[in-house]
Amino acid sequence: MTKYLLLDIDDTIAPSMYRGSDAIEIETWGRGHLAIPKYIVEWIKLFSKKENQSIWWCTDRSNETTQIEKQLPLKVEGKLMFTKPPKGFWKKQAAIIRFAEEHPKDTVICADNDCDLMNSDKLPDNLHLVIPTGAIKALSKEDLIEIDHLK
């Protein structure tokens, strides 16, 4: 069984305009400021190295994902692709649900600040949504512990 982490960037691992003393700056080649708190970087690196755990990007920021992977470096298995959703549905919803349905015996965790936009009567049983609770608009240390304990 594999634990998949579908990971967003903005306000999930990288708080908007974050400039804390522990900020790890990501080079974006002029596309705006991007920094990730050190505790999140360290946790992601550990998560990505563990056996039967896999990170997939769940973001529109493809240029930044490449930079993050190269600069930190991280082992990321892939990226979800989003299609145009029906009116009233979150653009990432179909891809997230489809991923969980394609991996029914695995644990699928979506960490995204917009998870509350999920508009569905019934989500797959193996899908867990984690909305960041950190005071800096990012995953808190408690959120990361929760992800570690999800099975």
- Message: Could you measure the distance from the OG atom of S54 to the CG atom of L7? Nearest 0.5 Å is fine.
- Response: 11.0 Å

- Item | Interatomic distance, F99 atom CZ to L80 atom CG [nearest 0.5 angstrom] | 6.5 Å

- Query: What's the shortest heavy-atom distance between I26 and Q71, and which atoms?
  - Reply: CA-OE1, 3.5 Å

- Query: So how far is it from S21 OG to K38 NZ, rounded to the nearest 0.5 Å?
  - Reply: 10.0 Å

- Item | K151 side chain near K3 side chain, heavy-atom distance below 4.5 Å | no

- Please examine the side chains of I68 and V76, heavy atoms only from C-beta on, and report whether any two atoms are closer than 4.5 Å. no

- Message: Quick check on the hydrophobic clustering: are I131 and W43 connected, directly or via other members, by side-chain heavy-atom contacts under 4.5 Å?
- Response: no

- Message: When you compare the side chain of E64 with that of T28, does any pair of heavy atoms fall below 4.5 Å?
- Response: yes

- Mind listing the closest non-hydrogen atom pair of Y39 and L139 along with its distance? OH-O, 2.6 Å

- Query: Are Y4 and I96 connected in the hydrophobic side-chain network, where two residues link if heavy atoms are under 4.5 Å apart?
  - Reply: yes

- Item | Heavy-atom check, side chain of Q93 versus side chain of N119, under 4.5 Å | yes

- Message: Here's a test for you: under side chain to side chain contact (heavy atoms under 4.5 Å, CB included), which of V130, L129, V108 qualifies with L6?
- Response: V108

- Roughly how far, to the nearest 0.5 Å, is SG of C110 from CD1 of I97? 10.0 Å

- Query: To the nearest 0.5 Å, what is the distance between CG (L127) and CD (E101)?
  - Reply: 9.5 Å

- Note on the structure: Nearest heavy-atom contact between P15 and I136 is CB-O, 2.9 Å

- Message: Counting only heavy atoms from other residues, nucleotides and ligands, does the tally under 6.0 Å from CE of M81 exceed 12?
- Response: no

- Task: Kindly say whether D60 contributes a backbone atom to a donor-acceptor pair with the side chain of K92 at under 3.5 angstrom?
- Result: no

- Message: Are the side chains of K70 and E27 in contact, using a 4.5 Å heavy-atom criterion?
- Response: no

- Query: Looking at side-chain heavy atoms only, is the closest gap between D11 and P132 below 4.5 Å?
  - Reply: no

- Below 4.5 Å, heavy atoms only, C-beta onward: do W90 and D112 meet side chain to side chain? yes

- Message: Which heavy atom of T2 sits nearest to which heavy atom of D106, and what is that distance?
- Response: N-OD1, 2.8 Å

- Quick check: does any side chain N or O of D143 sit under 3.5 Å from a backbone N or O of S140, one acting as donor and the other as acceptor? yes

- Message: Walk me through whether E77 and K75 qualify under side chain to side chain contact (heavy atoms under 4.5 Å, CB included).
- Response: CA-CA 7 Å; E77 301 296 326; K75 181 181 151 208; 2.9 Å; yes

- Task: Using a 4.5 Å cut-off on heavy atoms from C-beta on, say whether the side chain of L72 contacts that of I44.
- Result: no

- Note on the structure: All heavy atoms of D8 vs all of T12, minimum pair found to be OD2-OG1, 3.2 Å

- Query: Does L150 belong to the same Ile/Leu/Val/Met/Phe/Trp/Tyr cluster as L144, with side-chain heavy atoms less than 4.5 Å apart forming each link?
  - Reply: yes

- Message: Do L123 and W56 land in one hydrophobic cluster if side-chain heavy atoms of ILVMFWY residues count as linked below 4.5 Å?
- Response: yes

- Query: So K137 and N113, side chain to side chain contact (heavy atoms under 4.5 Å, CB included) or not? Walk me through it.
  - Reply: CA-CA 8 Å; K137 288 193 174 182; N113 63 304; over 6 Å; no

- Query: What closest approach, in Å, do F82 and A95 show between heavy atoms, and which atom pair accounts for it?
  - Reply: CD2-CB, 3.8 Å

- Message: Return the OG1 to CG distance between T107 and N52, rounded to the nearest 0.5 Å.
- Response: 10.5 Å

